[in-house]
Amino acid sequence: MLFDTHAHLEDERFDEDRKQLIEELPEKGVAYVVNVGSTLETSRMSVELAARYPFIYAAVGVHPHEVSQMGSEDLDALETIAKSDKVVAIGEIGLDYYYDFSPRELQKEWFARQIDLAYSLGMPIIIHDRDAHADVLDILKAKRDRILGGVMHCYSGSWEMAKDFMDLGFYISLGGPVTFENAKRPVEVAQKIPLDRLVIETDSPYLAPTPHRGKRNNPAYVRLVAEKIAEIRGMSFEEIAEATLNNAKKLFKIE
């Protein structure tokens with residue numbers, strides 16, 4: 001059985017077939033999904049999905065793209081949402097310097113504030129890091145004593161930097177890009193990462209793995225990620241599935 005640690009099943013691209021798709025996941029080998037918020041609205045929707053399906057859990061947070069509209073009252077609202085049943089993490093939070101939809105200083109401020117919120121609630125964090133590795137690492141190092149574990153979502157950085165994140169207690173999550181034809185960094189990370197620090201994801205509906213690249217992703221495709229990592233490491237699919245499932249349950253404190 002597999003654990004998709006990062007999906008966005010509330011996305012409008014699932015509006016036509018969401019119920020059927022979700023209900024079919026267990027028979028396709030998916031035991032758990034963490035549905036991850038990126039705004040207050042999608043965080044609430046994640047909580048609603050988790051309430052509806054026993055194998056779905058929720059993460060709540062505000063993505064760096066969205067923080068330019070944040071105020072203190074929104075942090076209070078996020079805290080209230082985070083106290084809902086089956087919320088297992090604060091995320092996705094972090095920095096995105098690829099699009100710069102929010103000013104970088106505001107991104108840093110709200111990243112730090114949401115880290116503090118996670119600490120106050122006793123939760124791990126889910127990190128979005130795009131073209132901002134150095135600043136993400138600096139903030140995490142500065143907050144080292146206020147971080148209760150977490151995961152580098154859809155990790156795209158180097159193996160050397162992955163070691164820095166693991167030193168801070170983070171898991172490394174690999175998704176569809178590890179299957180892409182010209183993938184270099186994700187493949188190197190998949191080869192070298194200690195098995196007890198690895199989790200897997202789809203980031204549905206984004207980043208569908210080969211051979212579905214460019215189409216809508218869904219949590220059932222997490223199998224293709226596990227199969228590719230097994231191939232890269234010279235291990236069985238079952239070994240990768242079991243290890244990543246157990247790691248994710250430990251990360252998110254799921255019994």
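- Counting only distance, with no hydrogens or angles, the side chain of Thr210 and the backbone of Thr179 share a donor-acceptor pair below 3.5 Å.
- Between atom CD of residue Glu48 and atom OG of residue Ser84 there is a gap of 9.5 Å, rounded to the nearest 0.5 Å.
- Residue Val30 is grouped with residue Val225 when hydrophobic side chains (ILVMFWY) are merged at heavy-atom distances under 4.5 angstrom, including chains of intermediate members.
- Within the 3.5 Å criterion, the main-chain N or O of Leu21 finds no donor-acceptor partner in the side chain of Asp17.
- With rounding to the nearest 0.5 Å, the separation of CZ in Phe111 from CG in Asp116 is 11.0 Å.
- Taking both residues in full, the closest heavy atoms of Tyr32 and Leu245 are given as CD1-CD1, 3.8 Å, listed atom of the first, atom of the second, then distance.
- Checked against salt bridge (Lys or Arg N to Asp or Glu O under 4.0 Å), Glu239 has no partners two or more places apart in sequence or in another chain.
- The NZ atom of Lys141 lies 8.5 Å from the CG atom of Asp167; values are rounded to the nearest 0.5 Å.
- Formation of a donor-acceptor pair under 3.5 Å by the Tyr99 side chain with backbone atoms of Ser102 is not found in this model.
- For the pair Tyr119 and Asp145, the tightest heavy-atom approach, listed with the atom from each and the gap, is CE1-O, 3.7 Å.
- With contacts defined as side-chain heavy-atom distances shorter than 4.5 Å, the pair Thr244/Phe3 does not qualify.
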Under the side chain to side chain contact (heavy atoms under 4.5 Å, CB included) rule, what do Tyr171 and Lys250 come out as? Steps first, then yes or no, please.
CA-CA 11 Å; Tyr171 289 83; Lys250 183 177 179 181; 3.6 Å; yes
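- Surrounding CD of Glu24 are more than 12 heavy atoms belonging to other residues, nucleotides or ligands, all under 6.0 Å away.
- Taken together through direct or relayed side-chain contacts under 4.5 Å among Ile, Leu, Val, Met, Phe, Trp and Tyr, Leu49 and Tyr57 form parts of separate hydrophobic clusters.
- Hydrophobic clustering (side-chain heavy atoms under 4.5 Å, transitive across Ile, Leu, Val, Met, Phe, Trp, Tyr) keeps Tyr221 apart from Tyr206.
- Judged as a side chain to side chain contact (heavy atoms under 4.5 Å, CB included), and not counting sequence neighbours, the contacts of Tyr97 are Leu95, Asp100, Arg104, Gln107, Lys108, Asp131, Ala132, Asp135.
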Next item on the list: Kindly indicate, with the supporting measurements, whether the criterion side chain to side chain contact (heavy atoms under 4.5 Å, CB included) is fulfilled by Leu25 and Tyr53.
Entry: CA-CA 11 Å; Leu25 288 176; Tyr53 299 98; over 6 Å; no
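- Proximity of Met152 to Val136: side-chain heavy atoms (C-beta onward) are separated by under 4.5 Å at one or more points.
- Between the side chain of Lys253 and the main chain of Pro124, no donor-acceptor pair closer than 3.5 Å is present.
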The test is side chain to side chain contact (heavy atoms under 4.5 Å, CB included); show your working for Leu140 and Ile125 and say whether it passes. CA-CA 11 Å; Leu140 294 177; Ile125 50 180; 4.2 Å; yes
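- With salt bridges taken as basic N to acidic carboxylate O contacts below 4.0 Å, none links Arg113 and Asp74.
- A 4.5 Å side-chain heavy-atom check between Ser46 and His8 finds every atom pair outside the cut-off.
- Residues Ala183 and Pro177 share a closest heavy-atom pair of CB-O, 3.2 Å.
- Side chains of Ser204 and Asn218: no donor on one and acceptor on the other come within 3.5 Å.
- In this structure a side-chain-to-backbone donor-acceptor pair under 3.5 Å is present from Tyr155 to Ala162.
- The pair Glu23-Lys19 meets the salt-bridge criterion, with a side-chain N (NZ, NE, NH1 or NH2) lying under 4.0 Å from an Asp/Glu carboxylate O.
- No continuous path of ILVMFWY side-chain contacts below 4.5 Å connects Leu121 to Leu251, so the two sit in separate hydrophobic clusters.
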Test log, rule side chain to side chain donor-acceptor pair (under 3.5 Å), inputs His128 and Asp96
CA-CA 7 Å; His128 174 99; Asp96 191 310; 2.7 Å; yes
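- Side-chain atoms of Arg13 never come within 3.5 Å of backbone atoms of Arg216 as a donor-acceptor pair (strictly under, hydrogens ignored).
- Residues Met45 and Leu9 form no side-chain contact, since every pair of their non-hydrogen atoms from C-beta on lies 4.5 Å or further apart.
- In this structure, the side chains of Phe165 and Leu137 come closer than 4.5 Å at one or more pairs of heavy atoms.
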Residues Leu117, Met123; criterion side chain to side chain contact (heavy atoms under 4.5 Å, CB included); working and verdict
CA-CA 9 Å; Leu117 174 62; Met123 289 183 178; over 6 Å; no
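- Considering CD1 of Ile200 and CD1 of Ile229, their distance stands at 6.0 Å, rounded to 0.5 Å.
- Side chain of Arg233 to backbone of Ile193: a donor-acceptor contact under 3.5 angstrom is found.
- Rounding to the nearest 0.5 Å places SG of Cys154 at 8.0 Å from NE2 of His6.
- Remark: side-chain polar atoms of Asn217 are paired, donor with acceptor, to backbone N or O of Leu207 under 3.5 angstrom.
- With rounding to the nearest 0.5 angstrom, the CD atom of Glu79 is 12.0 Å from the CD atom of Gln114.
- Taking a 6.0 Å sphere around NZ of Lys163, one finds it holds more than 12 heavy atoms contributed by other residues, nucleotides or ligands.
- Of all the heavy atoms in Lys86 and Ala50, the pair that sits closest is NZ-O, 2.7 Å.
- Of all non-hydrogen atoms in Phe237 and Ala226, the two that sit nearest each other are CE1-CB, 3.7 Å.
- Each salt bridge (charged side-chain N to carboxylate O under 4.0 Å, His left out) pair with one or both residues in residues 189-215, not counting sequence neighbours, appears once here: Glu188-Lys192.
- Around the CD atom of Glu12, the shell of radius 6.0 Å holds no more than 12 heavy atoms that belong to other residues, nucleotides or ligands.
- For the pair Val178/Val189, no side-chain contact is recorded, criterion being any heavy-atom separation below 4.5 Å from C-beta on.
- Looking only at distances, no side-chain donor or acceptor of Arg44 sits under 3.5 Å from a matching main-chain atom of Ile81.
- Residues Ile127 and Phe170 form a side-chain contact, since some pair of their non-hydrogen atoms from C-beta on lies under 4.5 Å apart.
- In this structure, the side chain of Asp4 does not engage the main chain of Val33 through any donor-acceptor pair within 3.5 Å.
- Between Ala31 and Phe55 the shortest heavy-atom distance is O-CB, 3.1 Å.
- Residue Ser43 is tested with Val60, Ile90, Val62 for a side-chain contact (heavy atoms from CB on, under 4.5 Å); the sole match is Val60.
- The cluster map of Ile, Leu, Val, Met, Phe, Trp and Tyr, joined by side-chain heavy atoms under 4.5 Å apart, puts Leu148 and Val36 in different clusters.
- Within the 4.5 Å cutoff, the side chain of Thr5 has no heavy atoms near those of the Ile126 side chain.
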